[in-house]
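Proteins get letters first, then strands, A, B, ... in listed order; numbering begins at 1 in each. Below, all heavy atoms of this structure are taken into account, side chains as well, without hydrogens, waters or symmetry copies.
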Amino acid sequence: MMPSFVPTSGAGSAGASTVLPFGADRAADAMPPVLSLEGLTVGSDAVDLVIDASLTVAPGETLCLVGESGCGKSLTCLAAMGLLAEPVRRKAGRIRFLGRDLGELDERDLRQMRGRDMTMIFQDPVASLNPVQRVGWQVAEALVIHEGLSSKVAARRAVELVDKVGIADPEARAGAFPHQLSGGMCQRVMIAMALACRPRLIVSDEATTALDVTTQAQILTLMRRLQEETGTAMIFVTHDLSVVAEIADRVAVMYSGRIVETGSVDDIFDHPSHPYTQGLMDCRLHALSATDGRLAAIGGTVPRPSARPLGCAFRTRCPRASQRCAITPDLRPIGSSQRVACHFPGRAQ
Amino acid sequence: MSPQFVLTKLFRAILTLFLAVTFVFVVLRMSGDPVAQMLPDDVPAAVITQYREMWGLDRPLPEQYLRYVSGILSGNLGFSFRDDRPALDVVLERVPLTLELGLTALLLTLALGLGAGTLAALKRGSGTDHVTMAFTILGHSMPNFFLGILLILLFAMTWRVLPSSGTGSVKHLIMPAVTLGTSYAATVARFTRSSLLEVLHQPFMRTARAKGVPFRRRLMSHALPNAGIPIVTVIGLRIGALIGGAVVVESVFAWPGVGQLLVNAVAFRDLAVVQTVVLLIAFTMVAVNFLVDILYGWLDPRIGSARREVSA
Ligand SMILES: Nc1ncnc2c1ncn2[C@@H]1O[C@H](COP(=O)(O)OP(=O)(O)OP(=O)(O)O)[C@@H](O)[C@H]1O
Ligand code: SF4
Ligand SMILES: [Mg+2]
């Protein structure tokens, strides 16, 4: 499913360290963001797992979070949803959602926002649904809780939603239990559930990873279509770059707890500037094990959060590493929408 | 739940009952001549023959078996040797008292076991958890009769707040019910805790949180129904222990129920009554297990229907 139109790092025409020319600003940039993380640090007492992460998502925009397994993508999402569980917590930074600082809300306010204003879709759709409840009811529950609908009205709306996510014979399927449906169908149900209260933000944590390629393509098409219809902002976690090419407006690349590069999808695919991003692109070129989240094209493995090198965490694997890299690089703008955390950004070689 | 599922379980229950009935017959015939056992040693042989003829013990075994089965089907379970009344009447008039004791113990068990188990699971690792679990080990390992005697010593003899035996008031019911329910409650509490802990970490519980479901509702309508499946199983499996416990507890507290009747009937070699009680116990156990199976299928749709729809 790798779209052929996406250029890879080697095929780019720009020279090293070019300040990138920038095309039309999208309308989304002008609107206030739905969600913004400002210097978010998440971790337990012993260790930081997400460090100083800043990002924004605008209405109607899809931000892809990419990176190897264990780099902190899920924790970033859970923090945004206010779903971190002990011993992991927000240690610093702010999370602003619809203009409100989530850190100042109590669990009750947060709970009322979850499922109504912000919703989340998970990786394993079958296990993510309650095995002893009919799927239609699981969709309807959000409407009962947040919109105060009667069970009956909510159930009717649920059937409409099940229809909307492209499930044939919605009436009957709404009455099914999760084990009676395929993984793809269950993920459609999860999407219906996520859409029920017309949220402003949908967080999708590897929602398509567990699905086969055909189903994955269908689900992506569905999500894109629904997002266009509703104007919902979306954070989409994946480590499959072909999925990124398919769905992203902007991309944030994470490595060992930090965001190391962000930019528009064109920036990242055409002019990856962080050596790690470039490595990811090379991996894609070589079509190597994108799904298990490990990078074969870059030697070595991600350091454990407790054994991160000082300075740039990538320097144990970076081909460009030098003494300066013992100092942690800040995320600095290069070009109008791209930012990178590297002392020597730009083209490889 | 499909009708097919219910029918299968019903068929299995009837088959089990039939096997139990046959088993009782075989055991009773193998345990020697009942007439000789019941009558004093010095009765004349003629009397023995008379009794043997009256009870049909002189007939060939297959015929005896048929008579026995048709007797059960028509509610004729023989005469009580001691009371000179139909054994079934003797047993049935004791049933309400045993039911009163058993159901009270069961309710106590469910309330205490489910409550303590849930609390311990939600506060895992806390002082509450440790104390609760320590109590369940104690409750689990203490024999019924020992707990009963202990309670009598404290509440009836030392503090004199509860009657040590007999029936008639709620006060009479308290100690027997607690004695009978304690170890059962301990088992239920442990199972509730462990299966709830497992369920709380399932992905669908995270989904419920992400959906904004309030805590109580997540517990009551998402976690407990899923945790309920193994809990119902253990309740069903341990019902035999509850019945066995009733026999002991009724004797300790002189509670004139079926259990006490059984002990007396054995002592007096009142075989028709013994047989009736044993059949009643078999029937109860089969019925309870059938109900548990049905409850199981109702709680878990994956069991209640074998059907599977698949589509992209
Ligand atoms: N409760 C926790 N306690 C301690 N460490 C944790 C906890 N949860 C996650 N981590 C660690 O935090 C790091 C980031 O985890 P996270 O789940 O966010 O990674 P991820 O990028 O989503 O990876 P994957 O692609 O495998 O899903 C990992 O090293 C993980 O081991
Ligand atoms: S800062 Fe240094 S080590 Fe880190 S990515 Fe850039 S060049 Fe490599
Ligand atoms: Mg993850």
Specify the closest pair of heavy atoms between Met120(A) and Ala210(B), including all atoms of both residues, with the distance to one decimal. CB-CB, 4.2 Å

Does atom CZ of Arg124(B) have more than 12 heavy-atom neighbours, drawn from other residues, nucleotides or ligands, at distances under 6.0 Å? no

The criterion is side chain to side chain donor-acceptor pair (under 3.5 Å); which residues satisfy it with Glu107(A), sequence neighbours excluded? Arg114(A)

How about CZ on Arg225(A), more than 12 heavy atoms from neighbouring residues, nucleotides or ligands closer than 6.0 Å, or not? yes

Note: vs chain B, highest number of non-hydrogen pairs under 4.5 angstrom among His146(A), Met81(A), Gln112(A) is His146(A)

Does atom CZ of Arg12(B) have more than 12 heavy-atom neighbours, drawn from other residues, nucleotides or ligands, at distances under 6.0 Å? no

Counterpart residues, side chain to side chain donor-acceptor pair (under 3.5 Å), relative to Lys211(B) (two or more places apart): Glu141(A)

Does NZ or CZ of Arg302(B) come closer than 6.0 Å to the centre of the six-membered ring of Phe177(A), within 45° of the ring's axis? no

Of all residues at least two apart in sequence or in a different chain, which pass the side-chain contact (heavy atoms from CB on, under 4.5 Å) check with Phe215(B)? Leu122(B), Arg218(B)

At a heavy-atom separation under 4.5 Å, does Val213(B) approach chain A through its side chain, its backbone, both, or neither? both

Looking only at heavy atoms, which two atoms of Ile145(A) and Pro214(B) are closest? And how far apart? CD1-CD, 4.0 Å

Under 4.5 Å from any heavy atom of chain B - which part of Met113(A): neither

To the nearest 0.5 Å, tell me how far His179(A) NE2 sits from Ile303(B) CD1. 9.5 Å

Glu171(A) atom CD, over 12 foreign heavy atoms within 6.0 Å: no

Count the heavy atoms belonging to other residues, nucleotides or ligands that lie under 6.0 Å from CZ of Phe191(B), then report whether that count exceeds 12. no

Is any residue of residues 127-136 of chain A within less than 4.5 Å of chain B by heavy atoms, and which ones? Ala127(A), Ser128(A), Leu129(A), Asn130(A), Pro131(A), Val132(A), Gln133(A)

Of Gly212(B), Pro203(B), Ser221(B), the largest count of non-hydrogen pairs under 4.5 angstrom with chain A goes to Gly212(B)

Side-chain heavy-atom pair Thr207(B), Met193(A) within 4.5 angstrom cut-off: yes

Arg200(A) atom CZ, over 12 foreign heavy atoms within 6.0 Å: no

Using non-hydrogen atoms only, which part of Ile229(B) is less than 4.5 Å away from chain A: side chain, backbone, both, or neither? side chain

